[in-house]
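Encoded as structure tokens, the structure appears first; notes follow it.
Computation of the quantities below employed the complete heavy-atom set of this structure, encompassing side-chain atoms and omitting hydrogens, waters and symmetry-equivalent molecules. If you're wondering where the values come from, they're calculated on a predicted model, not measured in any experiment.
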Amino acid sequence: MAKEATRTVSIIGGGAVGTALVRGFLAQRVVSAKEIIVCDRSEKTLAEFQKLYKIRTSLSVADAYRAADVVILAVKPKDLPGVLKQCGK
């Protein structure tokens, strides 16, 4: 039997939508905790993600983007242009 390849999912935005995605992915075993990166601008938010879900976190959009096979943008529409610029860095 072939082993499934791992894939890294970066969720840019640690608000309500980002949290719901992490919880859903873990509950449904879509990916494991070691395959998820959450990026947010708040160190406090990232510390909560690490504590609750044991996932990787990043303050850098560019780093989270480069480390991922799949990127999900879970930010407010007004923040999207700035986030997209950071993805290109």
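Nearest approach of Leu21 to Ile72, heavy atoms of both residues: CD1-CG2, 3.7 Å. Nearest heavy atoms, Ile37 versus Ala67: CD1-CB, 3.7 Å. Heavy-atom minimum distance, Ser58 versus Asp63: OG-CB, 4.0 Å. When all heavy atoms of Ala64 and Ser10 are compared, the pair lying nearest together is O-OG, 2.7 Å. Pairing each heavy atom of Cys87 with each of Val61, the nearest pair is SG-CG1, 3.8 Å. Across Gly15 and Asp40, no two heavy atoms sit closer than the pair N-OD1, 4.3 Å.
Criterion: ILVMFWY side-chain heavy atoms under 4.5 Å apart, direct or through other members. Under it, Val75 and Val17 are not part of a common hydrophobic cluster. Hydrophobic clustering of Ile, Leu, Val, Met, Phe, Trp and Tyr side chains at less than 4.5 Å, counting indirect connections, keeps Ile11 apart from Tyr65. Under the 4.5 Å side-chain heavy-atom criterion for grouping Ile, Leu, Val, Met, Phe, Trp and Tyr, Val38 is not connected to Leu80 through any hydrophobic cluster. Follow the hydrophobic side-chain contacts under 4.5 Å out from Ile12 and you never reach Leu26; the two are in separate clusters. Taken together through direct or relayed side-chain contacts under 4.5 Å among Ile, Leu, Val, Met, Phe, Trp and Tyr, Leu59 and Val22 form part of one hydrophobic cluster.
Looking at heavy atoms from C-beta onward, Leu73 lies in side-chain contact with Leu84 at the 4.5 angstrom threshold. When side chains are defined from C-beta on, Val9 does not count as touching Glu35, because their heavy atoms never get closer than 4.5 Å.
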Exercise answer: donor-acceptor pairs, residues 47-57 side-chain atoms, under 3.5 Å, sequence neighbours excluded:
{"residue": "Gln50", "atom": "NE2", "partner": "Thr57", "partner atom": "OG1", "Å": "2.6"}
{"residue": "Lys54", "atom": "NZ", "partner": "Lys51", "partner atom": "O", "Å": "2.8"}
{"residue": "Arg56", "atom": "NE", "partner": "Lys34", "partner atom": "O", "Å": "3.4"}
{"residue": "Arg56", "atom": "NH2", "partner": "Lys34", "partner atom": "O", "Å": "3.1"}

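How far CD1 of Ile36 is from CZ of Arg7: 10.5 Å, rounded to the nearest 0.5 Å.
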